[in-house]
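Data first, discussion second: the structure below is written as structure tokens.
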Amino acid sequence: MFGLVDCNNFYDSCERVFRPELEERPVVVLSNNDGCVVARSQEAKALGLKMGDPYFQVRPLIEQHGVVVCSSNYELYGDMSRRVMWYLQQTAPAVEVYSIDEAFLDLAGMTQHFDLGRWAGEVRGALRQRTGIPTCVGVAPTKTLAKLANKLAKTEFVGGRGAGVLVLSDEAERREALTRVAVEDVWGVGYRSAAKLHAVGVRTAAQLAGVGDAWARKNLGGVVGARLLHELRGFSCAGIVVEDEARKSLACTRSFGRPVTELADVAAAVASHATGAGEKLRRQGLAARLLTVFMETSRFAEVPPPYSFSAQLTMPVATDDTLTLAQVARKGLERIWRPGKRYVKAGVVLDGVERAGTGAQVSLFGDVGVTPERTGLMRAFDALNGRFGAGTVKVATSVAAPGQRQAWAMRRDAKSPAFTTNWGELWAVRC
DNA sequence: TCTGGGGTCCTAGGACCC
DNA sequence: TCTGGGGTCCTAGGACCC
């Protein structure tokens, strides 16, 4: 059996833990650059605000109803997520951290000894008490069914019914649950597949489970579709994946605060993203062999495609060295640079990720990349930024010329304090 | 004026290799 | 008349997830 623990309205719930005055009010959290709505409280959902709505479009509605607006505060959400995941890891035999607000639990072997419904209820209660975050739990024989059970548990819980837990333990319960979920709400059925399914009259998860395997293979992404049907029918096709073993790529990408036309500005952003990517690698003890640098123009402007330009470079040895990554990224950027365009986003993506130090090839030319001096330099770099704050030490090319504002800097006008990760922003309690 | 960021998996054609 | 099979690497894009 698999469990799926999913935090309710996660970003909103994180804000409410430290700002209880937001309780029962409509609240939205915006993406970087205050671009889109990415999280909504129940009250905000009731007003018709949708995931992904551009802020500038829904602003009148937000102001009309006095909706509280938060810029995204990933330091806070990341830290709250770690607390939730840590507790789950103390509690369940194996945990797959699926996203910032969700985890799959491997409950194999617990079926005979525990009442899983009761156990899941205790986990919910403990999480609420220890972290302040409300959750719902689905339990079922496959991951896809656990997601589906979670969805039903959440719908009932929000509607004032149910305990926030649903266990699908036998065939009758499984069949009944499938009839209550719309096909577009099944995990793995997106916008495109839903349209195809509607066109042939498939409306519910139960009907989807009954379509022919051949049809699914042809129309739902080949083997991906076939697996989906098996999982809905109760045959597990995917196990628990412990996160660290699984990481294959890693990225740092950002939209600019406003469109950028100069190479120096895009190059500064790219150097900053290469720095960020190097920090992520070292934090996780990883090194990468492939680096992709890309830049994009706006897909919403009246300019024909292409919108995206990228170059992938192979490094002689896997590296986690910021200066090497920044140099390689710069080389790639020069290769793809086209003047006369308004760029809105750039990024660095690392592939060919491996454990640092293991399996790393030795370069024929000896001194490429990993020297003790450079390893020491990076250690000092991380230590200084850790002690005195991110960005204390930077790559010079990422810094704007004296007196100039960074053309590409992000907008975050309504960010809450980093209540749990910054000494200067700790929550103040008056007695 | 203003439309996120970080992932996974899959496909496909051209260049190039043996 | 007749021109293989099996790879990797690169770029690009589609579909899906949270």
Side-chain angles (χ1 to χ4, degrees), chain A residues 4-7 9-11 28-39 50-60 62 71-74 77-78 81 96-104 143-144 147 150-151 184-196 217 219-228 237-238 241 243 246-259 273 276-277 280 284 289-294 296-301 305-315 332 335-336 342 344-353 410-413:
Chain A
L4 179 74
V5 179
D6 188 313
C7 302
N9 308 330
F10 181 58
Y11 296 170
V28 296
V29 179
L30 302 178
S31 63
N32 279 334
N33 278 319
D34 295 343
C36 295
V37 172
V38 292
K50 301 270 184 305
M51 177 76 175
D53 278 345
Y55 179 43
F56 74 93
Q57 282 179 6
V58 294
R59 205 163 171 166
I62 281 175
S71 295
S72 41
N73 183 348
Y74 290 106
Y77 313 149
S81 175
E96 173 178 344
V97 178
Y98 178 67
S99 73
I100 194 164
D101 70 337
E102 272 177 69
F104 284 105
K143 286 170 125 181
T144 306
K147 287 280 286 188
N150 185 281
K151 178 143 223 130
E184 62 269 26
D185 291 334
V186 173
W187 188 43
V189 176
Y191 173 75
R192 303 274 168 184
S193 302
K196 285 186 202 169
R217 275 190 183 264
N219 297 287
L220 299 178
V223 65
V224 177
R227 247 182 250 146
L228 173 56
C237 301
V241 182
E243 199 187 21
R247 170 137 282 113
K248 295 192 167 101
S249 77
L250 173 161
C252 272
T253 71
R254 290 283 178 285
S255 296
F256 304 138
R258 56 181 171 79
H273 300 331
K280 282 190 192 178
Q284 299 176 58
R289 210 169 48 79
L290 295 167
L291 182 149
T292 303
V293 54
F294 74 86
E296 287 178 11
T297 61
S298 173
R299 286 161 201 280
F300 303 98
Y307 305 111
S308 181
F309 308 89
S310 71
Q312 187 175 54
L313 292 92
T314 305
M315 293 175 284
R335 199 185 282 175
I336 58 176
R342 289 160 58 83
V344 300
K345 180 177 182 176
V348 169
V349 183
L350 301 176
D351 289 282
V353 171
M410 196 180 2
R411 290 194 310 266
R412 279 210 289 194
D413 293 335

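Proteins come first, then strands; the chains are lettered A, B, ... in the order of their sequence lines, and each starts at number 1. Every heavy atom of this structure was used, including side-chain atoms; hydrogens, water molecules and symmetry mates were not.
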request  = Please work out if Gly188(A) contacts a base, only the sugar-phosphate, or nothing of the nucleic acid, heavy-atom cut-off 4.0 Å.
outcome  = sugar-phosphate
Distance, rounded to the nearest Å, where Asn219(A) contributes CG and dG14(C) contributes C1' = 15 Å
query = Which dot-bracket string fits DNA chain C when only Watson-Crick or G-U wobble pairs with both atom distances under 3.5 Å count, crossing pairs get [ ], and | stands for a partner on a different strand?
reply = ....||||||||||||||
ask   = Taking CZ from Phe309(A) and P from dA12(C), how many angstroms apart are they, rounded to a whole number?
value = 9 Å
Atom-to-atom span, NZ of Lys196(A) to P of dG14(C) - whole angstrom = 13 Å
ask   = Rounded to the nearest 0.5 Å, how far apart are CH2 of Trp187(A) and CG of Asn150(A)?
value = 11.5 Å
request  = Can you tell me the distance, in whole Å, between the CZ atom of Arg227(A) and the P atom of dT8(B)?
outcome  = 15 Å
remark   = When rounded to the nearest 0.5 Å, the distance separating CZ of Phe256(A) from CG of Asn33(A) is 10.0 Å
Side chain proximity check, Arg289(A) to Thr314(A), heavy atoms < 4.5 angstrom = yes
task = Let me know the distance between CG of Asp185(A) and P of dC17(C), rounded to the nearest Å.
result = 10 Å
message = Would you measure the distance from the P atom in dC18(C) across to the matching atom in dT3(B) and give it in whole Å?
response = 24 Å
query = Within this structure, what is the OH-to-C1' distance between Tyr307(A) and dA12(C), rounded to whole angstrom?
reply = 15 Å
key: Leu4(A) vs Glu102(A) side-chain heavy atoms within contact, under 4.5 Å   = yes
request  = Mind checking Val29(A) for me? I need base, sugar-phosphate or nothing, with any heavy atom below 4.0 Å counting as a touch.
outcome  = nothing
ask   = Donor-acceptor pair, Ser81(A) side chain versus Ile100(A) backbone, under 3.5 Å?
value = yes
ask   = Please give, in whole Å, the distance from dT8(B) C1' to Leu350(A) CG?
value = 16 Å
query = Side chains of Lys280(A) and Leu350(A): closer than 4.5 Å at any heavy-atom pair?
reply = no
task = Indicate, with a heavy-atom threshold strictly under 4.0 Å, whether Tyr98(A) touches base, sugar-phosphate, or nothing.
result = sugar-phosphate
query = What pairs with Tyr77(A) under ring-ring contact (aromatic ring centres under 6.0 Å, His included), at least two apart in sequence or on another chain?
reply = Tyr11(A), Tyr74(A)
ask   = Between atom CD in Gln312(A) and atom P in dA12(C), what is the gap in whole Å?
value = 11 Å
Audit row: Thr253(A), Val348(A), side-chain contact (heavy atoms from CB on, under 4.5 Å) steps and yes/no = CA-CA 6 Å; Thr253(A) 71; Val348(A) 169; over 6 Å; no
query = The side chain of Ser193(A) lies closest to which of these nucleotides: dT11(C), dC18(C), dC16(C)?
reply = dC16(C)
task = Scan Val189(A) against the nucleic acid and name what it touches under 4.0 Å (heavy atoms): base, sugar-phosphate only, or nothing.
result = sugar-phosphate
inquiry  = Please check if the number of heavy atoms outside Lys196(A) that lie under 6.0 Å from its NZ is greater than 12.
reply    = yes
ask   = If you check every side-chain atom of Arg192(A), which of dT11(C), dC17(C), dA15(C) has the closest atom?
value = dA15(C)
Under-3.5 Å N/O pairs linking protein and nucleotides 1-7 of chain B:
from   : atom 1 : to        : atom 2 : distance (Å)
dG4(B) : O4'    : Ser31(A)  : OG     : 2.8
dG5(B) : OP1    : Ser255(A) : N      : 2.6
dG5(B) : OP2    : Ser255(A) : N      : 3.1
dG5(B) : OP2    : Ser255(A) : OG     : 2.8
dG5(B) : O3'    : Arg254(A) : NH1    : 3.1
dG6(B) : OP1    : Arg254(A) : NH1    : 3.0
dG6(B) : OP2    : Thr253(A) : N      : 2.5
dG6(B) : OP2    : Thr253(A) : O      : 2.9
dG6(B) : OP2    : Thr253(A) : OG1    : 2.5
dG7(B) : OP2    : Ala251(A) : N      : 2.5

inquiry  = Around atom CZ of Arg258(A), are there more than 12 heavy atoms from other residues, nucleotides or ligands closer than 6.0 Å?
reply    = no
Sugar-phosphate, base or nothing in reach of Asp53(A), heavy atoms under 4.0 Å = nothing
